[in-house]
Amino acid sequence: MDIFKFSNIKKMGLAIGLLFSASTFAGTIVDTVEQNQFVGWWGSHTYQHNLNDGLNQTGSFSLGSALSGYLEVEVTDDNDGFFEGLVPEVILFTVEDFNFDTGAITFNNGFSGALEVNALGALNADGLLDIVVSSLLGDFYVGKSTLTVQVPAPATMLLFGLAIAGLAVRRQRQLQK
């Protein structure tokens with residue numbers, strides 16, 4: 001059978017290897033939003049990570065290139081008020097629109113976690129990530145927010161493109177024989 005010829009197996013191995021290499025070599029973009037925003041009882045604070053503007057970030061972002069992402073938001077207690085220490089502060093973190101895989105409720109802590117499907121999709125669509133930090137009980141300060149995004153490294157994409165072009169040229173030469 002033609003499919004089991006050694007040259008076809010080499011071609012399939014090369015194609016599979018290229019696909020894996022394109023996904024394993026990734027660059028990292030880190031975007032930081034510095035803030036010192038007070039959130040009172042039942043209040044909220046909304047802010048945005050913008051990967052399009054190049055401000056506060058390392059690396060450049062192309063729409064649709066985010067492979068994965070991780071978000072960390074610092075929260076500190078204001079240590080003031082009648083109920084301090086008696087009732088744990090309950091904070092709702094909403095990344096993009098609220099649903100059960102992007103919203104997180106914590107007790108007097110910051111947020112850290114991987115971006116889920118909806119948030120990663122929104123980031124790939126427009127380069128923006130909307131975050132809402134809400135007080136369900138208590139008051140606190142929202143501090144630094146750090147978004148880390150994995151994107152394909154430009155050199156990897158160039159290598160991948162050259163390999164595909166080389167395969168196309170080789171195929172064209174075989175058809176001409």
Side-chain angles (χ1 to χ4, degrees), residues 10-39 43-76 91-106 109-135 140-172:
K10 284 194 319 189
K11 289 178 198 175
M12 288 176 17
L14 178 63
I16 291 170
L18 286 172
L19 289 174
F20 280 117
S21 71
S23 64
T24 57
F25 295 107
T28 302
I29 296 174
V30 179
D31 185 57
T32 303
V33 176
E34 297 284 347
Q35 50 199 344
N36 187 22
Q37 182 67 40
F38 178 75
V39 177
S44 64
H45 171 59
T46 302
Y47 66 97
Q48 186 175 69
H49 281 275
N50 184 350
L51 296 184
N52 300 315
D53 62 6
L55 301 174
N56 301 320
Q57 71 186 38
T58 60
S60 61
F61 180 72
S62 299
L63 293 180
S65 67
L67 301 173
S68 65
Y70 192 81
L71 178 67
E72 293 179 275
V73 182
E74 293 177 358
V75 174
T76 56
I91 304 167
L92 174 66
F93 294 90
T94 306
V95 181
E96 286 300 322
D97 297 322
F98 179 77
N99 57 43
F100 289 107
D101 67 353
T102 61
I105 297 175
T106 63
N109 288 319
F111 174 83
S112 62
L115 298 183
E116 299 292 337
V117 174
N118 289 347
L120 196 56
L123 186 62
N124 274 318
D126 59 10
L128 305 172
L129 188 67
D130 299 322
I131 295 110
V132 180
V133 182
S134 304
S135 169
F140 51 87
Y141 284 93
V142 178
K144 180 171 67 171
S145 178
T146 305
L147 174 64
T148 305
V149 179
Q150 297 294 320
V151 295
T156 301
M157 294 310 291
L158 177 63
L159 181 62
F160 183 69
L162 288 173
I164 295 297
L167 289 173
V169 167
R170 182 171 185 221
R171 179 70 177 157
Q172 190 70 301

Chemist: Please check this pair: side chain of Asp31 against backbone of His49, looking for a donor-acceptor N/O pair closer than 3.5 Å.
Modeler: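 Side chain of Asp31 to backbone of His49, a donor-acceptor pair under 3.5 Å: no, none is there.
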Chemist: Between Ile91 and Phe140, does a side chain to side chain contact (heavy atoms under 4.5 Å, CB included) hold up when you go through it step by step?
Modeler: CA-CA 9 Å; Ile91 304 167; Phe140 51 87; 3.5 Å; yes
Chemist: Hey, can you tell me if His45 and Tyr47 have their rings parallel, tilted or perpendicular (30° and 60° cut-offs)?
Modeler: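 It falls in the parallel class, under 30°.
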Chemist: If you define the side chain from C-beta out and look only at heavy atoms, does anything of Ile29 sit under 4.5 Å from Thr148?
Modeler: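 In short, these two side chains do not touch, never coming nearer than 4.5 Å.
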Chemist: As an exercise, state the distance from CG of Leu128 to CG of Asn52, rounded to the nearest 0.5 Å.
Modeler: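 Taking CG in Leu128 and CG in Asn52, the distance rounds to 5.5 Å.
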Chemist: Hey, what do you get for CG (Leu67) to CG (Leu115), rounding to the nearest 0.5 Å?
Modeler: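 Rounded to the nearest 0.5 Å, the CG-CG separation comes out at 12.0 Å.
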Chemist: Compare all side-chain heavy atoms of Val33 with those of Lys144 and state whether any distance is below 4.5 angstrom.
Modeler: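 Heavy-atom side-chain distance check fails, nothing below 4.5 Å.
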Chemist: Can you tell me if Thr58 uses its side chain to pair, donor with acceptor, with the backbone of Val30 under 3.5 Å?
Modeler: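 At least one qualifying donor-acceptor pair exists.
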Chemist: Can you give me the closest heavy-atom contact between Val75 and Phe93, atom names plus distance?
Modeler: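 Closest pair (atom of Val75, atom of Phe93, distance): CG2-CZ, 3.6 Å.
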Chemist: Distance only, no hydrogens: is a donor on one side chain within 3.5 Å (strictly under) of an acceptor on the other, for Ser145 and Glu74?
Modeler: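 Ser145 vs Glu74: no donor-acceptor pair found between side chains.
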Chemist: Looking only at heavy atoms, what is the nearest atom pair of Val39 and Ser135, with distance?
Modeler: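 Val39 and Ser135 have their closest heavy atoms at CG1-CB, 4.0 Å.
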Chemist: Taking atom types as modelled, is there a side-chain donor on Asp130 or Gln48 under 3.5 Å from an acceptor on the other?
Modeler: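 Yes.
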Chemist: Do Thr28 and Val149 have side chains that get closer than 4.5 Å, going by heavy atoms?
Modeler: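 Side-chain contact under 4.5 Å: no.
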Chemist: To the closest 0.5 Å, what do you measure between CD (Glu96) and CG (Leu123)?
Modeler: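 It is 8.0 Å, given to the nearest 0.5 Å.
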Chemist: Looking only at heavy atoms, what is the nearest atom pair of Ala119 and Val95, with distance?
Modeler: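 Here Ala119 and Val95 meet closest at CB-CG1, 3.7 Å.
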Chemist: Indicate the atoms forming the closest heavy-atom contact of Phe61 with Gly127, along with that distance.
Modeler: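 Scanning both residues, the minimum pair turns out to be CE2-CA, 3.7 Å.
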Chemist: If I compare all heavy atoms of Ala66 with all of Val151, which pair ends up nearest, and what's the gap?
Modeler: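 Closest pair (atom of Ala66, atom of Val151, distance): CA-CG1, 4.1 Å.
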Chemist: Looking at CG of Leu51 and CG of Leu63, how far apart are the two atoms once the value is rounded to the nearest 0.5 Å?
Modeler: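 Between Leu51 CG and Leu63 CG, I get 9.5 Å after rounding to 0.5 Å.
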Chemist: Is there side-chain contact between Thr146 and Leu71, with at least one heavy-atom pair below 4.5 Å?
Modeler: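 No, side chains not in contact.
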Chemist: Using every non-hydrogen atom in the two residues, find where Ile131 and Leu129 come nearest and quote the distance to one decimal.
Modeler: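 So the two residues come closest at CD1-O, 3.6 Å.
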Chemist: Determine yes or no for a side-chain-to-main-chain donor-acceptor pair under 3.5 angstrom, with Asn124 supplying the side chain and Ser65 the backbone.
Modeler: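 Flag set: sc Asn124 to bb Ser65 pair under 3.5 Å.
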